> 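Take this structure, written in structure tokens, and hold onto it; I'll ask about it next.
Both backbone and side-chain heavy atoms feed into the values below; hydrogens, waters and symmetry mates do not. Predicted, not measured: the structure shown is a model, and the values here were computed from it. Note on naming: letters A, B, ... go to the chains in the order of the sequence lines (proteins, then strands), and numbering restarts at 1 for each one.
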Amino acid sequence: MARSISFSEAVNEALTIAMAADENVILMGEDVAGGAQVDHLQDNEAWGGVLGVTKGLVQRFGRDRVLDTPISEAGYIGAAVGAAATGLRPVAELMFNDFIGSCLDQLMNQAAKLRYMFGGKAEVPLTIRTMHGAGFRAAAQHSQSLYALFTHIPGLKVVVPSTPADAKGLLLTSIADNDPVVFFEDKTLYNVKGEVPEGDYRIPLGKADVKREGRDLTIVAIGKQVHTALAAADTLAAQGIDVEVVDPRSLSPLDEDTILASVAKTNRLVVIDEATARCGVAADIAALVADKGFDSLDAPIKRLTGPHTPVPFSPILEDLYLPTPTKVIQTVAELLGDSSIAAAVS
Amino acid sequence: MSMVQTAKPVLTHEKALWMYRKMVEIRRFEDAVHDLFAKGKLPGFVHLYAGEEAVAVGVCAHLSEADSITSTHRGHGHCIAKGCNLDGMMAEIYGKATGLCKGKGGSMHIADLTKGMLGANGIVGGGFPLACGAALTAKRRGTNQVAVCFFGDGANNQGTFHEGLNLAAIWKLPVIFVAENNGYAEATPFTYASSCQRIADRAAAYAIPGLVVDGKDVVAVYQAAEEAVRRARSGEGPTLIECITYRNYGHFEGDAQTYKAKEERKRHLEELDAIVRFRSYLLDGGIATGEDLSRIEEEARAAVEQAIQFAEESPLPSPADLFDDVYVSY
Ligand SMILES: Cc1ncc(C[n+]2csc(CCOP(=O)(O)OP(=O)(O)O)c2C)c(N)n1
Ligand SMILES: [Mg+2]
């Protein structure tokens with residue numbers, strides 16, 4: 001049965017199910033429980049993560065399996081890699097994806113390489129959960145969306161869910177996966193609610209979801225931008241433009257077939273990603289369609305991304321940084337060469 | 001490692017009043033930010049320095065604008081002690097165009113390089129190597145400038161702490177590493193997260209002096225920093241000073257602080273307050289009069305009020321500012 005719960009609750013539920021099912025699954029990170037060795041603290045008063053996403057897990061599974069770590073990302077992320085290679089199935093939280101700078105080697109040169117470099121003799125069943133995304137007024141070092149960085153590295157899987165139901169099903173799959181997965185959670189989606197099935201269910205990695213079917217134009221959108229695309233699609237529908245919205249859900253592996261099939265049907269493509277454009281996921285998807293779907297295209301591919309700047313603090317600037325439904329509609333208008341579309345909404 | 005005790009008056013009247021002024025400015029500023037945040041007037045999240053004033057002030061009392069400091073996510077106090085303008089700071093926290101970083105950085109990234117303030121920092125442990133770099137500049141140029149790296153107890157477990165101390169030690173860099181041990185990193189106690197009894201113990205591993213001071217006694221901090229700055233300026237290399245302190249508010253605003261024991265909080269807020277202690281010290285020692293101090297308190301209050309008014313009346317950044325200060329636009 002599905003009921004409406006928040007993205008944050010969906011993540012929590014997936015962790016609970018995975019930890020209950022397999023005692024090799026452990027959770028580690030800064031304040032994932034909080035208050036380690038504080039005598040007076042009841043477990044139900046513990047933080048459960050900086051935004052409370054892992055609240056309650058320490059009560060249920062104890063501090064032996066919900067490990068607060070020192071602020072030493074290279075240390076504990078690396079330890080999670082080593083533990084994964086030797087029999088545990090750790091879920092390590094990198095609080096903000098921006099902190100990857102403090103521990104990239106352990107993922108890029110260790111976790112990502114072991115299976116291949118050791119001739120297939122190693123497995124690293126590790127999940128890194130990490131927050132990303134702008135719009136939280138958290139400024140340049142806490143607002144990036146760095147999934148392109150990881151997608152570039154062979155040996156890592158990369159997941160960016162957009163809805164609570166996807167988050168739960170994809171996280172369960174990620175934890176069960178025998179390769180390292182970097183699982184992105186947009187901090188501005190945590191309170192967004194949606195229908196989520198109860199119990200254990202798995203959504204395969206590398207399987208895109210068509211979030212809205214349409215005939216006239218394909219929008220591929222990443223993470224939270226799926227919602228921006230859907231809002232724009234509603235407005236465009238009123239003007240007789242039928243948009244298909246494709247959510248890749250995992251960037252590595254990438255479901256090329258679903259994207260190409262959609263473009264083969266609509267003959268037009270817009271890619272939306274709030275991260276910067278250069279060497280980004282939008283560029284990658286545009287290149288995929290240019291390579292393998294060129295014959296289906298009736299118009300040049302358009303990308304709508306964040307600008308090539310760090311994320312600014314001031315709300316007025318941060319709002320300008322992010323894609324919006326209006327910007328999507330303007331992009332679609334340009335693609336269709338029909339300025340009356342944009343004029344109608346501005 | 002040695003414990004530095006407050007000795008007989010070591011401060012001139014002028015220095016003492018400057019220190020008292022800075023401490024009170026920090027407290028007023030942070031209390032105001034706390035209230036403004038509660039009223040929903042400030043975007044984002046803020047980490048407040050109230051309670052820890054004696055550390056930033058006791059150390060910065062030895063620095064000039066030519067000296068550099070690196071700071072943390074809890075940076076307002078360092079900024080004020082290093083001479084940053086309150087109007088510009090408050091405007092930055094409001095995200096206004098008149099902010100010290102034109103509204104692009106916010107609370108966690110306030111910087112003013114003209115004052116030697118190399119920036120608050122959103123990355124825990126980000127400051128150690130930066131301070132080494134500033135010290136390297138001074139050393140290469142043969143100036144007698146120093147660099148101070150302020151950092152929290154949580155940061156002393158980052159690799160950059162160890163790499164920074166080692167680098168500073170082998171190159172005899174003019175750096176002072178100032179630990180602000182407030183007992184917690186977010187909700188995690190220092191005693192859990194660090195293997196050492198004292199952060200200062202770790203200095204031994206890098207063969208540099210490490211000392212512990214009562215970080216809520218501004219005179220003790222002042223004295224410890226005096227020797228460390230002297231060493232640095234005279235080419236004798238880095239020092240690690242651990243200041244034992246306490247943050248009066250939560251990790252960030254909105255933190256229920258369930259991990260703090262009630263008695264502990266009460267003792268710190270009511271009995272061990274650094275400003276109250278310094279006030280008594282100044283009065284008892286005849287270094288300042290009640291009138292001097294009341295005047296300073298009134299001026300600090302007015303300065304913070306003025307800063308809020310300035311921030312509120314300031315313009316927002318303009319859309320084109322989004323593309324400023326990057327070397328290429330796409
Ligand atoms: C590299 C990195 N890891 C984690 C964080 C999240 N974080 C911000 S402040 C903080 C606690 C810092 O504690 P401490 O160094 O003791 O400073 P305090 O907040 O007590 O002043 C943490 C974990 C971060 N900003 N950067
Ligand atoms: Mg601390």
> Is it the backbone or the side chain of A:A277 that comes under 4.5 Å from a heavy atom of chain B, or both, or neither?
neither
> Quick one: which of A:V38, A:I71, A:T276 has the most heavy-atom pairs under 4.5 Å with chain B, could you say?
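Looking at each of A:V38, A:I71, A:T276 in turn, A:I71 comes out on top.
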> Check each atom of B:D255 against the heavy atoms of chain A and say whether the ones under 4.5 Å are side chain, backbone, both or neither.
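Looking at B:D255, just its side chain touches chain A.
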> What part of A:E73 gets within 4.5 angstrom of chain B, counting heavy atoms only: side chain, backbone, both, or neither?
both
> Among side-chain atoms of B:R74 and B:H251, is any donor-acceptor pair under 3.5 angstrom?
yes
> Looking only at heavy atoms and a cut-off of under 4.5 Å, which of B:V124, B:D321, B:I123 has the most pairs with chain A?
B:I123
> Between A:V311, A:I316, A:D319, which shows the greatest number of heavy-atom pairs under 4.5 Å with chain B?
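Winner by heavy-atom pair count: A:I316.
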> Who passes side chain to side chain donor-acceptor pair (under 3.5 Å) against B:D325, sequence neighbours left out?
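Checked B:D325 against side chain to side chain donor-acceptor pair (under 3.5 Å); matches are B:K102.
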> I'd like to verify something: which residue of A:S102, A:A46, A:P70, A:G34 has the highest number of heavy-atom pairs under 4.5 Å with chain B?
A:P70
> Are a donor atom and an acceptor atom from the side chains of B:Y94 and B:E312 found within less than 3.5 Å of each other?
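The answer is yes; a qualifying pair exists.
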> Testing the 3.5 Å rule here: is there a donor-acceptor pair between the side chains of B:H78 and B:E180?
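Present: a donor and an acceptor within the cut-off.
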> Does A:H152, at its NE2 atom, have more than 12 non-hydrogen atoms belonging to other residues, nucleotides or ligands within less than 6.0 Å?
no
> Select one option (side chain, backbone, both, neither) describing which atoms of A:L317 are under 4.5 Å from chain B's heavy atoms.
both
> Enumerate by number any residue of residues 86-93 of chain B whose heavy atoms lie under 4.5 Å from heavy atoms of chain A; in the absence of such residues, state 'none'.
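When heavy atoms of chain A are the reference, residues 86-93 of chain B contributes B:E92, B:I93 within the under-4.5 Å range.
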> Please identify, among A:Q141, A:E45, A:R137, A:Q37, the residue contributing the most non-hydrogen atom pairs under 4.5 Å to chain B.
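Of A:Q141, A:E45, A:R137, A:Q37, A:Q141 has the most heavy-atom pairs under 4.5 Å with chain B.
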> Using the salt bridge (charged side-chain N to carboxylate O under 4.0 Å, His left out) criterion, which residues pair with A:R129? Sequence neighbours excluded.
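So A:R129 forms a salt bridge (charged side-chain N to carboxylate O under 4.0 Å, His left out) with A:E93, A:E185.
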> Counting only heavy atoms closer than 4.5 Å, note whether B:F252 contacts chain A via side chain, backbone, both or neither.
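Side chain only.
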> Under 4.5 Å from any heavy atom of chain A, what part of B:K262 do you find: side chain, backbone, both or neither?
neither
> Between B:E264 and B:K260, is there a side-chain N and carboxylate O pair less than 4.0 Å apart?
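Salt bridge between B:E264 and B:K260, a charged N being under 4.0 Å from a carboxylate O: no.
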> Which region of B:S318, side chain (C-beta onward) or backbone (N, CA, C, O), has a non-hydrogen atom less than 4.5 Å from a non-hydrogen atom of chain A, or is it both or neither?
backbone
> Does B:K115 have any side chain to side chain donor-acceptor pair (under 3.5 Å) partners at least two apart in sequence or in another chain, and if so, which?
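Applying side chain to side chain donor-acceptor pair (under 3.5 Å) to B:K115 gives B:E65.
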> Is the distance between the ring centroids of A:H308 and B:F323 less than 6.0 Å?
no
> Identify whether the distance between the nearest side-chain nitrogen and carboxylate oxygen of B:K96 and B:E313 falls below 4.0 Å.
no
> Using a 6.0 Å cut-off, check whether atom CG of A:N191 has over 12 heavy atoms from anything other than its own residue.
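At most 12 heavy atoms, drawn from other residues, nucleotides or ligands, come within 6.0 Å of this atom.
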> Run the salt-bridge test on A:D43 and A:R60 with the 4.0 Å N-O cut-off and return the result as yes or no.
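Looking at A:R60 together with A:D43, the answer is no, because their closest N to O distance does not fall below 4.0 Å.
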